[in-house]
There are 2 protein chains.
Amino acid sequence: MTSRSVNATAMSLLGFLHEGPMTGWNLVAAVTRQIGDFWSVTQSQVYRELSTMADLGLIRAGKLGPRDRRPYSITRAGRKVFREWLATNPGPETIRFPLLLTVLFGKHLPPGRLGEFVEDHRKAHEQRRDEYAGLVEAIESATGDEPPDPYIEATVRFGLAYETTVLDWFDSLPPALIGRPEQP
Amino acid sequence: MTSRSVNATAMSLLGFLHEGPMTGWNLVAAVTRQIGDFWSVTQSQVYRELSTMADLGLIRAGKLGPRDRRPYSITRAGRKVFREWLATNPGPETIRFPLLLTVLFGKHLPPGRLGEFVEDHRKAHEQRRDEYAGLVEAIESATGDEPPDPYIEATVRFGLAYETTVLDWFDSLPPALIGRPEQP
DNA sequence: TGGTACATGTAACATGTTACATGATTAG
DNA sequence: CTAATCATGTAACATGTTACATGTACCA
């Protein structure tokens, strides 16, 4: 199976640009909100990739709008490259979850510290779960003429499932590990 | 909360070195097997970090063994740095799951292609799930004098939960999306 | 009129990946 | 004796992160 050579980050941006012209800022927001759970980009990266792709003719910069907004639109060449890339077998996922390292080496921590970290992270994950739940609901109750894209729905459901799993796992941690002593 | 400055990859190696001297090769294997689901390293990286840490005095190279095995052991300074690092708040996780991108943009794919990718990945995830299940069992039925480390158990359980979630999600994909037509 | 969110971009640096070169040991 | 696995390492390159600089528009 031919493997992927071009930059996956760039390609993900191309994918979003199929929906219409977007600025770098918009792209960062869209990626973070919609697929932040399994794909991430930084501003720097996005602007860099946009420049590169513009040089390669995969996208084209539009006129500056208010606030120096610079919308990019995908070109015919861009669509072609994107399709070719998409049809190649995606590689395995990579995850970097520093909190899990902290848990793994938890015996080297003063008691209670791990619990603080977990509580801190729990908030973030609850928030994401709620966001995904909202997205799922919005998709399910989409009105009328534009039927919801089942592919988008599937990815959002992944996000929701992932967050649910993480939160359940937090709940499953033995009290002794996170320094919350058992009821006396 | 003070944030982390030193290299998390290096620190993860230091963590493993607490169990005793290990070679670069061993470290790669240990990380991949035990925590491959939420942390990953490449050989190159490991050898690079080992050199750096040796220069900094955090680890010490032992004598060459057979096959030029070069075991490193952690120093007192290394333990100190590790503990300090571990006690700082870990950052959020990052995930890069290219298959999910392929799903997200699935409408641009020829029918059936997505299904092939999913089947391919399913195998890998089933294997990982089984490995984690084996690890969990081994930990649970650990005999006698050395009680199993509950922190390690917790992380392995995360791996198992994660893989289960991914596989369930695969199963939940509508047949239409993956090109497996409904029963006629 | 002042703060917040919007918006772009560069530079320096850190980290991660791929490809390659080299060779020892072991199992069959 | 030969293939697979073990084992180390370098070099070149690609990607990702952090910090900074600059300024606009909106809204309370």
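Remember, predicted model here, so these are calculated numbers, not experimental data. Reminder, nothing fancy here: chain letters follow the sequence lines and each chain counts from 1. Below, each value reflects all heavy atoms present in this structure, side chains not excepted, and no hydrogens, waters or symmetry copies.
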Hey, is the main chain of [Y] close enough, under 3.5 Å, to the side chain of [X] for a donor-acceptor pair?
X: B/Ser141; Y: B/Glu137; value: yes
X: B/His121; Y: A/Pro90; value: yes
X: B/Gln34; Y: B/Val31; value: no
X: A/His108; Y: B/Arg79; value: no

Quick check on B/Arg96: does its CZ atom have over 12 non-hydrogen neighbours (other residues, nucleotides or ligands) under 6.0 Å away?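 Count over threshold, so yes.
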
Heavy atoms from other residues, nucleotides or ligands near CD of B/Glu84 exceed 12 (cutoff 6.0 Å):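 Correct, the count exceeds 12.
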
Going by atom types only, do B/Thr23 and B/Asn26 share a side-chain donor-acceptor pair under 3.5 Å?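 Yes - a donor-acceptor pair under 3.5 Å links their side chains.
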
Specify the separation, in whole Å, of atom [atom1] of [X] and atom [atom2] of [N].
X: A/Leu13; N: D/dG16; atom1: CG; atom2: C1'; result: 14 Å
X: A/Gln45; N: C/dG16; atom1: CD; atom2: P; result: 13 Å
X: B/Arg48; N: C/dG16; atom1: CZ; atom2: C1'; result: 7 Å
X: A/Met11; N: D/dA14; atom1: CE; atom2: C1'; result: 14 Å
X: B/Leu50; N: D/dT10; atom1: CG; atom2: P; result: 11 Å

Closest to side chain of B/Thr42, choosing from D/dG16, D/dA12, C/dT18: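 So the nucleotide nearest the side chain must be C/dT18.
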
What's the closest nucleotide to the side chain of A/Thr94 if the choices are D/dT15, C/dT17, C/dG16?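 The listed nucleotide nearest to A/Thr94's side chain is C/dT17.
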
Measuring to OP1 and OP2 of C/dA14, would you say a side-chain N or O of B/Asn7 lies under 4.0 angstrom away?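 No.
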
Under-4.0 Å side-chain N/O to phosphate OP1/OP2 contact, B/Arg96 with D/dG16: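 Checking D/dG16 against B/Arg96, a side-chain N or O does come within under 4.0 Å of OP1 or OP2.
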
Can you tell me how far the CZ atom of A/Arg70 sits from the CG atom of A/Leu64, to the nearest 0.5 Å?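 The CZ atom of A/Arg70 sits 4.5 Å away from the CG atom of A/Leu64.
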
B/Lys107 with A/Glu19: basic N within carboxylate O range, under 4.0 Å: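 Answer for the salt bridge query: yes.
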
Flag the pair B/Glu126 and B/Lys123 as a salt bridge only when some basic side-chain nitrogen lies within less than 4.0 angstrom of an acidic carboxylate oxygen.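 So B/Glu126 does not pair with B/Lys123 through a salt bridge.
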
Checking all strands, does B/Ser51 fall into the base, sugar-phosphate, or nothing category for heavy-atom contacts under 4.0 angstrom?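 Contact class for B/Ser51: none.
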
Taking five pairs at each end, how big is the angle between the two axes of the helix from C/dT1-D/dA28 to C/dG28-D/dC1, to 10°?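 Inter-axis angle at the termini of the helix from C/dT1-D/dA28 to C/dG28-D/dC1: 40°.
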
Would you jot down, in residue-number order, the residues of residues 28-40 of chain A having a non-hydrogen atom under 4.0 Å from DNA chain D?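 Under 4.0 Å from DNA chain D: no residue of residues 28-40 of chain A.
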
Are A/Phe158 and A/Tyr132 an aromatic pair, judged by ring center distance below 6.0 Å?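 No, ring centres 6.0 Å or more apart.
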
N/O to N/O distances under 3.5 Å, protein versus nucleotides 7-9 of chain C:
| from | atom 1 | to | atom 2 | distance (Å) |
| --- | --- | --- | --- | --- |
| C/dA7 | OP1 | A/Arg69 | NH1 | 2.4 |
| C/dA7 | OP2 | A/Arg69 | NH1 | 3.2 |
| C/dT8 | OP1 | A/Arg70 | N | 3.1 |
| C/dT8 | OP2 | A/Trp25 | N | 2.7 |
| C/dT8 | OP2 | A/Tyr47 | OH | 2.6 |
| C/dT8 | O5' | A/Tyr47 | OH | 3.1 |
| C/dG9 | OP1 | A/Arg70 | NE | 3.2 |

